[in-house]
Each structure stands twice: as C-alpha cells, then as structure tokens.
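Before any comments, here is the structure.
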Protein chains: 2
Amino acid sequence: MQNSKTKDYFNPGVTVDVAIFTIEDGSLKILLIKRANEPFKNKLALPGGFIHEDETAHDTALRVLADKAGVAGVYIEQLYTFDAPNRDPRGQIMSVTYFALVPREKINIEEGRQTEQPKFIDVEKIAALSFDHSEILAYARKRLQDKIQYTNVIYSLLPKLFTLSQLQSTYEIILDKKIDKRNFRKKFLQLGLLEATEKKFSEGRQRPAVLYRFKKTGFAELKKFF
Amino acid sequence: MQNSKTKDYFNPGVTVDVAIFTIEDGSLKILLIKRANEPFKNKLALPGGFIHEDETAHDTALRVLADKAGVAGVYIEQLYTFDAPNRDPRGQIMSVTYFALVPREKINIEEGRQTEQPKFIDVEKIAALSFDHSEILAYARKRLQDKIQYTNVIYSLLPKLFTLSQLQSTYEIILDKKIDKRNFRKKFLQLGLLEATEKKFSEGRQRPAVLYRFKKTGFAELKKFF
DNA sequence: CCAAAAGTGTTGACTGTACACCCATGT
DNA sequence: ACATGGGTGTACAGTCAACACTTTTGG
C-alpha cells in the first residue's frame, strides 16, 4: 500500500486479541492458549495476533477464531482498544480486542496438535493472564453481562434447538444470579423471539422438555430484558 | 522504545479522532475543522491527529482537546476503533475514536488563529465529512443518546449551576424528543443526584427558576433513566 | 394586567417480583 | 412408587405515562 506519507509518523504495533466465550458444564468458559514464546512464555493468554497488511482488525479476529477455535460465522464484536504504556514489554503495541460467542458444539479444537494448544477455561478459575489480558477479560465479561440484557445475543451461545431451562441457565451463569423460573418464561416468551417445536428433549427420568428455536437468527436490539 | 521484535510485522498508521460535543443555542453541536491539507483539503473533519511515540491514544485525545478546543479535565471516553480498508486514501490507517462532552462556556477557541480553525456545527446541519467521519459521528451520537439514559454524564454538558428546565432541554436536544415536565422533574429529583441552591435564575419577565447543582461530580452508572 | 416560563399531583396502565404446586417421564 | 426437572397463575408493589392549572416575575 502507498503509505509513504505515513512514514513520517510513529506507527505503534497493533495486535488483535479475542475473548472467545462458550458455555460448558454449567460454567462460562473462555478460550486461552499457553504462550509458546517470550514474553510470558508458558503463561496463559487470550488468543490473538498481529494485524497483517491489507487486513482489518475484524479480519484478524476472524482469522484467530478460525485458527484457534476452528469456527466461522459466529457472533463477534469489537470491544475496546487497549494501549496502556507498559502493557507489552516488547514496546508500544496496542491491542484491538474483540469478543466472540460460540456454542460449545461448534468449536473444533484439534487436541494436542497446535503449539499453543487452546483450551476452554472456566472464567471463575482464572488466576493471572499475560499482558493486560485479565483486564480485557474483565471488560469482556461486563460487556457480555450487559449485552444479553438488551439484545438477543444469547442465541449465539445456544444450539439451534434448546429448552427454556437451558436458556435460563445460560442467563444465570452469565449474570451469576438465580432467576425465577415462572417470571423468566413469561417474560422471555412474551418477547416473541422463540417458537416451540414439536420435538422434546428428555434426559434421565424427568418429564421431557419442549425444544424451542429462535424465529430469526441475527442480531437484534430490544427494549429491555432483566 | 525497544520494539525490534515488532519490526517483523506490518504496522498500520494509527490516528485518534475526537467527537467533541456541546450544547449551544438549543442545538447539539460538534467541533469540526476544515482540513488544511490533502486528502480532503478544505473539507470538514473531526479534529484528530497521529499517535506520537510513547503516547497513549487517550493522551492523544487529550492533546487534541487542548489544541483544538482549549479545554482539559472534561468528560472523555473511547468510542470505537475504525479501520475499514479504504477509509484513508493514504493507506492503511486506523482511527481510535473518542468522544468528549464539554459545557460551551469552557471552550476556548481563539478565533481565526489556527490554520484549521475549529468551529462548532449543529449536528443536524452536517452534510458530508472527510474520511469515514460521518460514520464516526453517527456512532458517537448513538453512544451519547444511550449513555445519558443510564449514567449521569449529562453533568458534563452543563454549567455548575443550572435550572431543571435547562437540564430537561439538554435531554430533549440529545434524545430528539419532548419529555413531560412533571414526570421529568419527579424522576430526576428522585435520583438524588441534585441539590437545590439558594440562588435563582431569571431571564426576562418570567418567574425565576431555582438553580441546582450535582451533589457529586464524576461519573456514575445508574439503574435506569428514561 | 399580561406574557412567559416555573412549578406542582393524581390516576390508570403496565411491568416486575414473589411465591407453591401439579405433571410427565424413567427407573 | 418415587425422584427429577418441566411446566403453570395470581396478587402486590413499583414504575411509567398522560394530563392542566396556579405561581411568580418583568415589562
């Protein structure tokens, strides 16, 4: 590209880091890698990478999603750009961060293959991360909590068909609080986003649950939720 | 700085652009400059500049605020990072954007002095801007509308003392809708953010209005507003 | 005394919240 | 038959929205 004119200026390094969330085993988990190189060698970090030439930050985030989680076509959103002075010991490197929501069964991690083997870790059990990634994670969790309360993004964490209990549980896990079952169902069904299917789901010796699906996929902003 | 390791990578240019809002003459206005150089010479644009070495984007935004609007210590917040492929004809240059809220009387623009003389323009009367700045402006307005509804940032657009009518008018201008006077006063006073002063404000032949002030300055997140 | 903005309450609709029992199934 | 999660309704409290007149001042 013809950025001869920009050579007069100082260009910081620019990376993209992605907070990839999923729900698994009743917990909110995030994809982390163990760094293969310095700095922070062998420490946990968010997956990410430098922006390439002729690539947008969004493209970079999609590349990270494909490389580290083996998924495409999931919900993704830019979070914030972090550039605290000493966030990276290599120098002045800013990070444009994204967060992505993925239903667990879409993830395709090839076990043990990669050098920086990605793993889903329960967000409640994460001690310290490399760089300022703990701060990024905290920011991402807050955004996730806010966003499920005034949009329909929750759909991007669920399989195509799901029970109302699964849906409620997903909210409870993310918001980290109990929700009343009757009120939840009333409210959510009133939003008109869901349609019941003929199918039922049963597991163990309980009454089978009706499976629902979202009428429309795709993002929508709503009045309010909880 | 020792960013020898990052030399292996492509570093895009990084600018900071700032949407500086104020209320003047019953309108929401934004500070714009007329560009002195190509690209977009003589076109209107948001004030901004390249990030300097050892400077954070936030620092850059403060520098822009000081240089173009002559203010410091005002409300400022990072908005979003824009990096669409052809947003800048000079090449791959991303913009980390900020928005700032300033009471009109704090602004110190020295008329006619600067090469790119900044002016406040009514946001409703802006046709086209340079680069993708129209998109940035739209994004900033949306953020402003949202933010005054669940935080107390409105304080940063008002003088220290103000009447409830001024406060209400500020909301009406930004949200672009009429609000019922009685409901507004009831609700806002109930929030407990304001205290009445002994002073009154009168202008013309009306009943003088009580002047209020915010009990605490500084940002606060609230339950809800409107 | 007139014009203009300041200031003030009530009602009905709606929304949120608390709360407990029966249902359908698998074992 | 029983254990397990699925599924349902009502009542009270709080919040929101609509609405009109009196007050205080300057001219």
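Chain letters run A, B, ... following the sequence lines, proteins first and then strands; every chain starts at 1.
Taking the side chain to side chain contact (heavy atoms under 4.5 Å, CB included) definition, one finds that A:T15 meets it with A:D17, A:F50, A:I93, A:S95, sequence neighbours left out. By the side chain to side chain contact (heavy atoms under 4.5 Å, CB included) test, B:R185 is found to be paired with B:L164, B:S165, B:K181, residues two or more places apart in sequence or in another chain being considered. Taking B:R63 as the reference, B:H52, B:E55, B:T60, B:D67 meet the side chain to side chain contact (heavy atoms under 4.5 Å, CB included) condition, with sequence neighbours excluded. Not counting sequence neighbours, the partners of B:K142 by the salt bridge (charged side-chain N to carboxylate O under 4.0 Å, His left out) test are A:E221, B:D146. Residues passing the ring pair (Phe, Tyr, Trp, His ring centres under 6.0 Å) test with B:Y80 are B:F82, B:Y139, sequence neighbours excluded. With sequence neighbours excluded, the residues that form a ring pair (Phe, Tyr, Trp, His ring centres under 6.0 Å) with B:F40 are B:F131.
If you check distances only, the side chain of A:R182 does reach the base of C:dA20 with a donor-acceptor pair under 3.5 Å. Within 3.5 Å, a donor on the side chain of A:K181 pairs with an acceptor on the base of D:dG7, or the reverse.
Summarising the geometry, the separation between CG on A:L189 and P on D:dG6 is reported as 14 Å, rounded to the nearest angstrom. As a whole-Å value, the separation of A:F184 CZ from D:dG7 P is 12 Å. Going from atom CD of B:Q166 over to atom P of C:dG7 covers 11 Å, rounded to whole Å. Taking atom CZ of residue A:F188 and atom C1' of nucleotide C:dT15, one finds them 17 Å apart after rounding to whole Å.
Side-chain contact annotation: B:Q168 with B:E172, donor-acceptor N/O pair under 3.5 Å present.
No more than 12 heavy atoms of other residues, nucleotides or ligands sit less than 6.0 Å from atom NZ of B:K216.
Within the structure, every pair that satisfies the salt bridge (Lys or Arg N to Asp or Glu O under 4.0 Å) test and touches residues 21-32 of chain B, not counting sequence neighbours, is listed here: B:E24-B:K29, B:E24-B:R104, B:D25-B:K29.
The nucleotide whose nearest atom lies closest to any side-chain atom of B:R185 is, among D:dG6, C:dA6, D:dC19, C:dA6.
Between B:L164 and A:D180, the residue anchored nearer the 5' end of DNA chain C, judged by the nucleotide with its closest heavy atom, is B:L164.
Regarding contacts with the backbone of C:dA5, every side-chain N or O of B:S165 stays at 4.0 angstrom or more from both OP1 and OP2.
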N/O-N/O pairs, protein side and nucleotides 10-12 of chain D side, under 3.5 Å:
residue: D:dT10; atom: O4; partner: A:K186; partner atom: NZ; Å: 3.0

Pick out the pairs of N or O atoms, protein on one side and nucleotides 25-27 of chain D on the other, that lie under 3.5 Å.
residue: D:dT25; atom: O2; partner: B:R205; partner atom: O; Å: 3.1

